[in-house]
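Scroll down for the structure; my scribbles are underneath it.
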Amino acid sequence: MPQSSRQLPRRDLLAGAAAFAGFATIGLLPGTAAAATRQRPGALRGPSLSTGDKAVVARVDARRALRHLRVLSDDIGWRVAGTRREHRAAHYIAETLLDLDYDVELQPFTVPDKKLAELRAGDEHWQSAAAANGATGRARGRITDLGTATEVTADLTGRIALFTRVLDKEQEQAQAAAAKGALAVLIVNVRSTTYPERKAASFFPTLREAVPVPVLGLAEHHGELIRAGVRSLSLEVTAHTGLTSYNVLAERRATLPNPGGKAVIVSAHYDSVPGSPGGNDDGSGTVLCLELARAMRRLPTQQDLRFCLWGAEELGLVGARHYVKQLDDAAAARITGCFQNDMVATSHPPAGTYWLLSVDGKDNTTTTAIGGAAARLGYSGQTKGPTARGSSDHEAFFERGIAAGNFSWRGGEAPSQLEPVYHTPEDTVSGNVSRQRLQVSLELIGCAAYDVARRR
């Protein structure tokens, strides 16, 4: 794709009058009346919905969102920033939004080079990060498990060495195996002492000096699978250079007069970390945006609606910060709120709290709107916040003085308590996504964002 922004051709959008007519017939939609009075999924209280809430609740369906999620997570899989798979995801998202009659732009930005590996063992196909100072290329061989060793005495000619990571000793492990003839080195990550409940993700081994063979940083899960009976495997390490990632930006103009050009943003990031199919992080937030874009596309609004899917969040909010940097002061001032959705559907049982997160821990337009939507939908007492936390794309908007919040299902008494499979190969649709929690997230964000979008 070219380096400049691509404004994709837009389908015809219904005129404002036609959209308003659609809103007026909400009561005629099948099941609308029942949806307005029925207890919402998992709610402790019955609903008391506004007219706008009824319009959203009658339209959103987590089952539709899950169809998109299976494409992104199951079919495309790992979506590491700047790689071909991330580009496939960007095109899928863009085409989906184009089909919904939005103006769509692919906004490019550069991201750092990296080395990634793909591994095959029988029918299994995995991805992992690889050391920048390790070699590229292919290797195939039987595995020798050396555990936590940092010295090697056995002959490893024609073998693939498997280690358990010893922190700050990855150089010694890799060099020792290469010196004994190993074709490649696999270093299995270990859990952090800060968050011992989380399984260890793939990592980029830090090597002070070059090692003449591929050196991979495997996730704990892949190490477990290999040690459960994989005797040999093949791998290929590729250097990904000159990389470009993309924000996918979709807009639908207000159907009612909007002289100030105000806009509401609903957003998520669509990239994932190496080795993870990103089912919940953040495929769930991405498909929430796609389903809300479908549900809200013909509802009347006083403000423009923008659905923004960020690339390269996992590299440090790169896509969102690039977007915000491109805004002049007037454009930034027209954004009334950014509803960022990151990890909105985990099935981890203890993650029963829906968190309202703002960088400074204070209420703003977005957190207040979510609190109001939660009360109307019957979820009072089941949400928590606002609580101070950055670490997602809302931080980029806060830094520019734009009201923003991050909304997420998390466990425990702190928003840092995430599900055990966070950032791992086990973050899959079947293993880590709850349809009910996704439905609740759709209704909360949809009702809140639409409430803001209807304001002058």
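Side chains included, hydrogens not; waters and symmetry mates left out as well; all remaining heavy atoms used. Predicted model only: the values in this text are computed from it and were never measured.
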S272 side chain near E314 side chain, heavy-atom distance below 4.5 Å: no

Trace of the ring pair (Phe, Tyr, Trp, His ring centres under 6.0 Å) decision for Y379 with Y354: CA-CA 9 Å; Y379 295 108; Y354 187 83; 8.4 Å; no

Over-ring placement of R437 relative to W409, 6.0 Å and 45° cut-offs: yes

N/O donor-acceptor pair under 3.5 Å between D451 side chain and A448 backbone: no

Under 3.5 Å donor-acceptor, T367 side chain and N364 backbone: yes

Heavy-atom side-chain contact between L243 and K114 under 4.5 Å: yes

Shortest non-hydrogen separation from V104 to A250 and the atoms involved: CG2-CB, 4.2 Å

CG on D342 to CZ on R389, rounded to 0.5 Å: 9.5 Å

Polar contact flag, side-chain donor to acceptor under 3.5 angstrom, E419-N432: yes

Short side-chain to backbone donor-acceptor contact, Q39 and A43, under 3.5 Å: yes

Side-chain H-bond candidate by donor/acceptor type, Q303 with T336, under 3.5 Å: yes

Check: H423/D281 side-chain N/O donor and acceptor closer than 3.5 Å: yes

Minimum side-chain heavy-atom gap T286-L72 below 4.5 Å: yes

Exam field: side chain S73 to backbone L69, donor-acceptor pair closer than 3.5 Å: no

Heavy-atom pair with the smallest gap, counting every atom of W78 and G275: CD1-C, 3.7 Å

Student check: side-chain heavy atoms of L292 and V60 closer than 4.5 Å: yes

F397 vs W310, ring pair (Phe, Tyr, Trp, His ring centres under 6.0 Å): CA-CA, chis, key distance, verdict: CA-CA 13 Å; F397 290 83; W310 315 118; 5.8 Å; yes

T83 side chain to V80 backbone, donor-acceptor under 3.5 Å: yes

Option among R252, R253, K262, R455 that satisfies the side-chain hydrogen bond (donor to acceptor under 3.5 Å, both in side chains) test with T301: R252

H222 side, atom NE2; L233 side, atom CG - distance, nearest 0.5 Å: 11.0 Å

Residues R400 and D329 bridged, charged N to O under 4.0 Å: yes

Qualifying residue for salt bridge (Lys or Arg N to Asp or Glu O under 4.0 Å) with E291, from R59, R63, R64, R297: R64

Trace of the side chain to side chain contact (heavy atoms under 4.5 Å, CB included) decision for W355 with T383: CA-CA 6 Å; W355 287 88; T383 64; over 6 Å; no

Check: L377 and D53 side chains under 4.5 Å, non-hydrogen atoms: no

Carboxylate-amine/guanidinium proximity below 4.0 Å for E399 and R321: yes

OH on Y246 to CG on L106, rounded to 0.5 Å: 7.5 Å

Any Y92 side-chain heavy atom under 4.5 Å of V71 side chain: yes

Test applied, side-chain contact (heavy atoms from CB on, under 4.5 Å); reference residue, I402; option that passes from T366, I335, I265: I335

Exercise: do T424 and D427 side chains pair donor with acceptor under 3.5 Å: no

Candidate pair S192 and R198, rule side chain to side chain contact (heavy atoms under 4.5 Å, CB included), full reasoning: CA-CA 8 Å; S192 75; R198 295 184 198 166; over 6 Å; no

Short side-chain donor-acceptor distance under 3.5 Å, S245 and E86: yes

Full working for ring pair (Phe, Tyr, Trp, His ring centres under 6.0 Å) between F407 and H394: CA-CA 10 Å; F407 306 100; H394 66 302; 8.2 Å; no

Residues E224, K199; criterion salt bridge (Lys or Arg N to Asp or Glu O under 4.0 Å); working and verdict: CA-CA 11 Å; E224 291 171 346; K199 300 190 77 171; 3.1 Å; yes

S408 and R410 side chains, donor-acceptor separation under 3.5 Å: yes

Flag for H348-N280: side-chain donor and acceptor within less than 3.5 Å: no

Whether R138 side chain and S234 backbone form a donor-acceptor pair below 3.5 Å: no

Straight-line distance of E95 CD to L97 CG, nearest 0.5 Å: 9.5 Å

S284 side, atom OG; H68 side, atom NE2 - distance, nearest 0.5 Å: 14.0 Å

Any donor-acceptor N/O pair, K115 side chain to A132 backbone, under 3.5 Å: yes

Under 3.5 Å: donor-acceptor pair, side chain of N189, backbone of F203: no

Donor-acceptor contact below 3.5 Å, side chain R334 vs main chain A263: no

Any R38 side-chain heavy atom under 4.5 Å of P47 side chain: no

Candidate pair T96 and D99, rule side chain to side chain donor-acceptor pair (under 3.5 Å), full reasoning: CA-CA 5 Å; T96 300; D99 287 342; 5.9 Å; no

Heavy-atom pair with the smallest gap, counting every atom of L315 and A81: CD1-CB, 3.7 Å

Minimum heavy-atom distance between L207 and G134, given as atom pair plus value: CD1-N, 4.0 Å

Test item: R85 side-chain N/O and I76 main-chain N/O as donor-acceptor pair under 3.5 Å: yes

Pair Q340, D393: side-chain N/O donor-acceptor within cut-off below 3.5 Å: yes

Salt-bridge criterion met for D271 and R79 (N-O under 4.0 Å): no

Worked verdict on V266 versus M296 for side chain to side chain contact (heavy atoms under 4.5 Å, CB included): CA-CA 11 Å; V266 179; M296 298 172 69; 5.7 Å; no

CA sep, side-chain torsions, deciding dist, call: W126, H221, ring pair (Phe, Tyr, Trp, His ring centres under 6.0 Å): CA-CA 11 Å; W126 309 321; H221 178 64; 7.9 Å; no

Point-to-point distance, once rounded to the nearest 0.5 Å, from CG of L186 to CG of L235: 6.5 Å

Nearest atoms (heavy-atom pairs only) where P41 meets Q439: CG-CG, 4.1 Å

Step-by-step side chain to side chain contact (heavy atoms under 4.5 Å, CB included) determination, E395 to N406: CA-CA 9 Å; E395 191 174 315; N406 179 32; over 6 Å; no

Least distance between heavy atoms, F307 atom then C289 atom: CD2-O, 3.6 Å

